[in-house]
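Single-structure report; data block below.
Below, chain A is the first sequence line, B the second, and so on; all start at residue 1. Only a predicted model underlies this, so the values are computations on that prediction, with no experimental measurement involved.
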Amino acid sequence: MRIATWNVNSIRTRVDRVVAFLERHDVDVLAMQETKCKDEQFPLERFKQAGYEIAHHGLNQWNGVAIASRVGLNDVQIGFEDMPGFGDPVAAEARAIGATCGDVRMWSLYVPNGREIGHPHYMYKLEWLERLRLDGAKWLAEDPLAQIALMGDWNIAPTDEDVWDMGFFEGKTHVTPPERDAFQAMIDAGFSDVVRPFTPGPGTYTYWDYTQLRFPKKQGMRIDFALCSPALAERVEGAQIDRDERKGKGASDHAPVIVDLD
DNA sequence: ATGTCAGCTTGAAGCTGA
């Protein structure tokens with residue numbers, strides 16, 4: 001089985017590219033982030049024609065997460081237990097959706113950006129990650145053999161190798177110790193980065209800012225991850241980052257990350 | 001931050017978010 005994750009940065013703008021990607025790579029399950037639309041605006045029919053079912057959660061033009069599957073799509077869950085909200089009034093955002101696809105419990109996750117160090121959104125990001133970790137640890141405690149894939153845009157570069165220039169990120173989010181600690185806590189809870197062994201760095205990224213010619217200059221960040229439970233990690237046979245999808249007109253600023261399971 | 005995007009408001013250009 002082949003699973004993947006991709007921050008598509010608007011599914012309505014990107015649907016042609018996304019469906020072509022699924023077919024080109026023969027992907028069974030895709031976790032999408034930043035669909036940027038409400039449920040009724042999601043281009044369901046295009047996926048259906050290609051043979052995929054969709055579970056989508058979108059509340060407005062911000063965030064939005066989805067799972068496309070051609071191997072079943074069951075027990076859909078919107079958000080996780082005690083997932084923090086944001087805003088005034090505080091409300092849950094469309095940042096997490098889970099579904100069982102074949103024998104894998106898939107999650108599409110869009111971790112809050114954080115905006116600036118010390119910003120309320122930064123505190124929200126850390127709290128969101130902590131609650132996700134607690135829920136994830138609980139799933140594994142309940143079933144140590146659970147096959148769980150936490151797929152998504154984590155908005156964290158876990159090591160200095162994961163950004164093009166640490167100097168540039170001084171005083172910025174995505175690289176701060178509290179964010180990195182929160183990411184490491186997911187690893188310590190039992191979810192491992194199954195892509196890195198197949199895509200070593202330095203210079204291996206999944207995201208390049210649209211501005212300043214970051215992509216042609218190879219100035220990116222590695223912030224999109226597939227974190228797998230122990231039982232699922234054992235099944236991983238390969239992984240790749242499809243950098244080609246960042247090329248050309250109409251590209252998302254993120255590249256898809258693909259994982260092969262036995 | 002924005003030599004870039006995307007979506008919304010609104011009726012051409014400004015705002016938010018990334």
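Between the NE2 atom of A:His119 and the P atom of B:dT16 there is a distance of 11 Å, given to the nearest Å. Taking atom CZ of A:Arg14 as the reference point, atom P of B:dA18 lies 16 Å away to the nearest angstrom. A straight line from CE of A:Met221 to C1' of B:dA18 spans 11 Å, rounded to a whole angstrom. Straight-line distance from the CG atom of A:Asn60 to the C1' atom of B:dC8: 11 Å, rounded to whole Å. One interatomic measurement links the two molecules: CZ of A:Phe169 to C1' of B:dA18, which rounds to 13 Å at whole-angstrom precision.
Listed by residue number, the members of residues 209-218 of chain A with any heavy atom below 4.0 angstrom from DNA chain B are A:Asp209, A:Tyr210, A:Thr211.
A:Tyr110 comes within 4.0 angstrom of the backbone, heavy atoms only, and of no base.
For A:Arg115, the side-chain atoms get nearest to B:dG17 when compared with the rest of B:dC8, B:dA6, B:dG17.
Here the two rings, on A:Phe42 and A:Phe47, have centers that are under 6.0 Å apart. For A:Trp128 and A:Tyr110, the distance between ring centers is not under 6.0 angstrom. Ring pair A:His121/A:Phe86: centre-to-centre distance below 6.0 Å. Taking the six-membered ring wherever Trp is involved, the centroid distance between the rings of A:Tyr122 and A:His119 does not fall below 6.0 Å.
To the nearest whole angstrom, the two P atoms, one in B:dA1 and one in B:dA13, are 26 Å apart.
Partners of A:Ser10 by side chain to side chain donor-acceptor pair (under 3.5 Å), not counting sequence neighbours, listed by chain and number: A:Thr13.
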Step by step, work out the side chain to side chain donor-acceptor pair (under 3.5 Å) result for A:Gln147 and A:Arg235. CA-CA 9 Å; A:Gln147 301 194 51; A:Arg235 290 179 55 193; 2.6 Å; yes
